[in-house]
**Q** 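Before I ask anything, let me first share the structure, which is written out below as structure tokens.
None of the values given here were measured: they were computed from a predicted structure. Every number for a ligand or one of its atoms is a count from 1 in the order of the listing.
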Amino acid sequence: MALFLADCLQEDPGLVLGLPTGRTPVPMYRALVRLHRQGRVDFSRATTFNLDEFVGLPAEHPGTYRAFMERHLFAHVNLNPARTHVPHGDAASPRAEAARYEAMIAAAGGLDVAVIGIGGNGHIGFNEPAASLPAGTNGVTLRRASRAANAAAFGGQLARVPHRAISMGVGTILSARHVLLLATGADKADIVAKALRGPVTTRVPASLLQLHPRAAVILDRAAAKKLTSR
Ligand code: GLP
């Protein structure tokens, strides 16, 4: 995965990347940092847009996704800080911030490669299962399960996990020229099977990736366990 991104960056040093948080991409970030230290990947001209951010945390809070990205990638590679973008969760108006973020992605020419994870309920970014989903970057309300999955960054205390976030919309993600979905571990096996083999529905936001002409899915054996060949 990291090698694939390194190749993409070699081919197009000005790549615009969509980046995820969560446990799943941590080994990928570790590998990218290693490749960078070995001089095998150069981020100096790349631009990054993270998928989402919690609303309401002060910028210096260690639970923000901006802090996660600093810890796992930004502080260790030669990305230009001015070209690393994470929605501002502390903006006075999350709605205005979401519109600003969407406009910035458009101004950058859209995402070349969106790397995404999948929530246990099928969410991508923080687009939770719903009867309909906003296409563009938006303010979203988090499900309890999604907040619980993030509790570790808040001392394990669910009550401390924000209830709202700003997330790229499903349209923003699907507009990326390439989408790479990462999933690992047995606890993702059911939702991966639903997303890849089930009907396309906003009740399983990741199933919308079936509509993307250049989406790839990278799974470990455990996450792929419930996929039957057809
Ligand atoms: C998080 C993020 C998602 C991520 C998902 C899975 O809360 N908002 O972008 O893909 O949930 O996280 P994990 O990789 O820890 O399972």
**Q** At their closest point, which heavy atom of A195 faces which heavy atom of A206, and how far apart are they?
**A**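 So the two residues come closest at CB-CB, 3.8 Å.
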
**Q** Among V217, I116, I218, exactly one meets side-chain contact (heavy atoms from CB on, under 4.5 Å) together with L182. Which residue is that?
**A**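 Looking at V217, I116, I218, the match for L182 under the side-chain contact (heavy atoms from CB on, under 4.5 Å) is I218.
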
**Q** Could you pull out all donor-acceptor pairs under 3.5 Å where a side-chain atom in residues 153-167 meets a protein atom, sequence neighbours excluded?
**A**
unit_1: Q157; atom_1: OE1; unit_2: R160; atom_2: NE; d: 3.3
unit_1: Q157; atom_1: OE1; unit_2: R160; atom_2: NH1; d: 3.4
unit_1: Q157; atom_1: OE1; unit_2: R160; atom_2: NH2; d: 3.0
unit_1: H163; atom_1: NE2; unit_2: R147; atom_2: NH2; d: 3.4
unit_1: R164; atom_1: NH1; unit_2: T141; atom_2: OG1; d: 2.5
unit_1: S167; atom_1: OG; unit_2: F126; atom_2: N; d: 2.9

**Q** Return each pair, listed once, that meets salt bridge (charged side-chain N to carboxylate O under 4.0 Å, His left out) where at least one residue sits in residues 70-86; pairs must be two or more places apart or across chains.
**A**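 Only R66-E70 qualify under salt bridge (charged side-chain N to carboxylate O under 4.0 Å, His left out).
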
**Q** With ring-ring contact (aromatic ring centres under 6.0 Å, His included) as the rule and sequence neighbours excluded, what pairs involving residues 164-210 come up?
**A**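 Applying ring-ring contact (aromatic ring centres under 6.0 Å, His included) to every pair that reaches into residues 164-210, excluding sequence neighbours, yields nothing.
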
**Q** Using heavy atoms and a cut-off under 4.0 Å, could you grab the residues that are in contact with ligand 1, chain by chain, numbers ascending?
**A**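 Within 4.0 Å of ligand 1, protein side: T21, G22, R23, T24, D52, Y65, G117, I118, H123, G125, F126, N150, K188.
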
**Q** Applying side-chain contact (heavy atoms from CB on, under 4.5 Å), run through V200 and L211 and close with a yes or a no.
**A** CA-CA 8 Å; V200 175; L211 303 174; 4.0 Å; yes

